[in-house]
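None of the values given here were measured: they were computed from a predicted structure.
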Amino acid sequence: MVGVVAALGGGCSGDDGGAFRGGAADVGDPYVPGAGNGGYDVDHYTLKVRYDPAGKRLTGQATVTATAITGLSRFHLDLAGLTVDRVRVDDAPAKHRRDGNELVVTPAHGLPAGKRFTVEVAYGGVPRPLSSELGDGGFQATGDGAIALGQPESASTWFPVNDHPSDKATYDLAVTVPDGLAALSNGVPGGQSSQDGWTTWHWSEGSPMASYLATLVIGDYRVSTGTHAGKPLVTAVAAGLPADGPAAAALARTGEIADFLADRFGPYPFDAYGGIAVADPRISYALETQTRPVYGPGFFRGGRPNTEVVAHELAHQWFGDSVSLSRWSDIWLNEGFATYAEWLWNEHDGVRSVARAFADRYAVTDWTKPSVDPGRAAMFGDAVYQRGALTVHALRRAVGDETFFRILRGWLAERRDGTATTADFVGYAERVAGRPLRPLFDAWLVGATAPALP
């Protein structure tokens, strides 16, 4: 697991003899100023939350298991807009204060570098979303429940977290909601139990997950459970969408599409499959929430089962979820490959060839806009998605199919459960291809004029 190494600010605490300092309140990623924290690496989150739609109130208890990577006198967790009742570190009361969207924790004693420790946080309140380029993200109340979703930030609106993809962790979640409502999240379902008018749903994600990929969807949903390739497959469609409509038809092909992608990218990297189709029109996007992507209603208008978006979000299970970003400026590594997966799927499904998709997009691309480091305002722009996909196909044409798919499968196997940068990928592709490829990547990703076709 890759952690965030930083120790800024500080002062020592009591008898720590100057060996301990405060952990950084920011990972220093300019695309998400203030997000993430330094000085520790989270291993696991255990979350127990209860949501009452009538009062839109969330109460929770989070246990964060982490390892100090520098001597810590204090450390930060990201938590937006919720009230903290108490904090304990290694079962001892700890001091805590709020600083904007930061929860600053001072344990009774310093934490030495290399020490594994636990933080228990009891908290609650009415969550509020965060604004981003995708619109309001994070925990949002709906007419029948709530949706916790968003990129690049969302997790901090409903639990204390190191909210940056460079610090991935495993998760266990127990969420309690009024009887009759579903509470859907990531990973393997652990069953449900009911008591006094409330039902608790259990979920477990045993593969490291970036925090923005954690989701919680509560409401009136038609939930389908089964297995695929020996693993649980859970899909859900909002009751407000037709039972036999395009959303249900598209999600029903989840296993088929995942198998198609596995033939090209290598084994599916997680222990569960699924998808959730929501009806709230504020969700104008789809997001690759790990093992169980969430799809906004706009993708299924017009009566057509949109399997292209399903292919895109399932491709992210490899590109973005299993192999995640070290920094947001390299987001094309997620979106370029997922867009290219759409092209591959559409060719397989008889919609349009990859060659035609490439030619059509090449003809209309604005080459003045880069794919790498596009700027925060453009991190979800065409240059990241479409020019990124052009780059992927240019690589394929340059090295040939056999080497191209060997690069993809090997990259995903080597980096599984980790994080990476553009430089990492270019270096790996060059090693496998046995030839320099940096000029090709420079031209297709950041060059200001149309590159020649390889």
Side-chain angles (χ1 to χ4, degrees), residues 1-7 22-27 35-50 58-99 101-124 127 138-139 148 153-175 185-187 203-216 290:
M1 189 179 301
V2 177
V4 182
V5 182
D26 188 318
V27 298
N37 309 282
Y40 62 90
D41 179 10
V42 178
D43 302 311
H44 186 74
Y45 295 94
T46 299
L47 307 175
K48 298 178 181 179
V49 301
R50 179 184 179 103
L58 177 81
T59 55
Q61 179 173 316
T63 302
V64 184
T65 304
T67 301
I69 50 180
T70 187
L72 291 173
S73 61
R74 67 170 185 266
F75 57 89
H76 292 238
L77 290 163
D78 299 302
L79 185 64
L82 296 170
T83 300
V84 174
D85 298 318
R86 64 184 179 276
V87 178
R88 297 176 67 87
V89 176
D90 288 339
D91 293 325
K95 296 179 181 178
H96 63 90
R97 62 180 175 86
R98 298 302 299 265
D99 184 6
N101 290 338
E102 299 285 321
L103 174 63
V104 185
V105 178
T106 302
H109 302 282
L111 302 170
K115 177 177 173 54
R116 185 176 171 92
F117 64 97
T118 60
V119 189
E120 298 175 30
V121 182
Y123 62 99
F139 199 101
E153 299 168 90
S154 64
S156 63
T157 64
W158 61 287
F159 64 95
V161 60
N162 195 9
D163 206 4
H164 192 270
S166 58
D167 191 4
K168 300 167 69 171
T170 55
Y171 285 73
D172 283 299
L173 174 67
V175 54
S185 190
N186 311 85
W203 302 92
S204 178
E205 177 47 72
S207 296
M209 180 167 69
S211 54
Y212 80 95
L213 299 171
T215 190
L216 179 57
Q290 193 157 307

Novice: Can you tell me how far the CZ atom of R50 sits from the NZ atom of K48, to the nearest 0.5 Å?
Specialist: 13.5 Å
Novice: For G39, does its backbone N or O pair with a side-chain atom of T70 as donor and acceptor, under 3.5 Å?
Specialist: no
Novice: Contact between T170 and E205 at the side-chain level, heavy atoms closer than 4.5 Å - yes or no?
Specialist: no
Novice: Any heavy-atom pair between the side chains of Y171 and N186 that's under 4.5 Å?
Specialist: no
Novice: Do T46 and D172 have side-chain atoms, one donor and one acceptor, less than 3.5 Å apart?
Specialist: no
Novice: With side chain to side chain contact (heavy atoms under 4.5 Å, CB included) as the test, would you mind laying out the steps for Y40 and V64 before giving the verdict?
Specialist: CA-CA 11 Å; Y40 62 90; V64 184; 5.6 Å; no
Novice: When you compare the side chains of D26 and N37, does any donor N or O come within less than 3.5 Å of an acceptor on the partner?
Specialist: no
Novice: Any side-chain heavy-atom pair from Y123 and V49 closer than 4.5 angstrom?
Specialist: yes
Novice: At their closest point, which heavy atom of Y212 faces which heavy atom of D163, and how far apart are they?
Specialist: N-OD1, 4.3 Å
Novice: Under a 4.5 Å cut-off applied to non-hydrogen side-chain atoms, are F75 and T106 in contact?
Specialist: no
Novice: Applying salt bridge (Lys or Arg N to Asp or Glu O under 4.0 Å), name anything that partners K95, two or more places apart in sequence or on another chain.
Specialist: none
Novice: Determine whether N101 and D78 satisfy the following criterion, side chain to side chain contact (heavy atoms under 4.5 Å, CB included), listing intermediate values before the conclusion.
Specialist: CA-CA 6 Å; N101 290 338; D78 299 302; 6.0 Å; no
Novice: Do you know which two heavy atoms are closest between P160 and L79, and how far apart they sit?
Specialist: N-CD1, 3.6 Å
Novice: Taking all heavy atoms of S154 and all of A214, pick out the closest pair and write down the distance.
Specialist: OG-O, 4.4 Å
Novice: Looking only at heavy atoms, what is the nearest atom pair of A68 and P112, with distance?
Specialist: CB-O, 3.4 Å
Novice: I'd like to know if the side chain of T67 pairs up with that of D43 as donor and acceptor (distance under 3.5 Å, no hydrogens or angles considered).
Specialist: yes
Novice: With Y45, which of T65, N162, T63, L173 fulfils side-chain contact (heavy atoms from CB on, under 4.5 Å)?
Specialist: N162
Novice: Is the shortest side-chain heavy-atom distance between L216 and V175 below 4.5 Å?
Specialist: yes
Novice: For the residue pair D167 and D41, establish whether any side-chain heavy-atom pair is separated by less than 4.5 Å.
Specialist: yes
Novice: For the atom pair CD (E102) and OG (S156), what is the distance rounded to the nearest 0.5 Å?
Specialist: 9.0 Å
Novice: Indicate yes or no: at least one non-hydrogen side-chain atom of M209 is less than 4.5 angstrom from one of K168.
Specialist: no
Novice: Counting only heavy atoms not in R86, do more than 12 sit closer than 6.0 Å to its CZ atom?
Specialist: no
Novice: Check whether any side-chain heavy atom of V121 sits under 4.5 Å from a side-chain heavy atom of L103, and report yes or no.
Specialist: yes
Novice: Taking the six-membered ring for Trp, are the ring centroids of F159 and F139 within less than 6.0 Å of each other?
Specialist: no
Novice: Salt bridge or not between D90 and K115? Use side-chain N to carboxylate O under 4.0 Å.
Specialist: yes
Novice: Should V104 and R74 be marked as a side chain to side chain contact (heavy atoms under 4.5 Å, CB included) after you check the CA-CA gap, both sets of side-chain angles, and the distance that decides it?
Specialist: CA-CA 7 Å; V104 185; R74 67 170 185 266; 3.8 Å; yes
Novice: Closest approach of W158 and L58, non-hydrogen atoms and distance?
Specialist: O-CD2, 3.7 Å
Novice: Where is the tightest heavy-atom contact between G187 and W203, given as atom of each residue plus distance?
Specialist: O-CE3, 3.8 Å
Novice: Please report the C-alpha distance between H164 and S211 in whole Å, then the side-chain angles of each, then the deciding distance to 0.1 Å, and finally whether the side chain to side chain contact (heavy atoms under 4.5 Å, CB included) criterion is met.
Specialist: CA-CA 6 Å; H164 192 270; S211 54; 5.8 Å; no
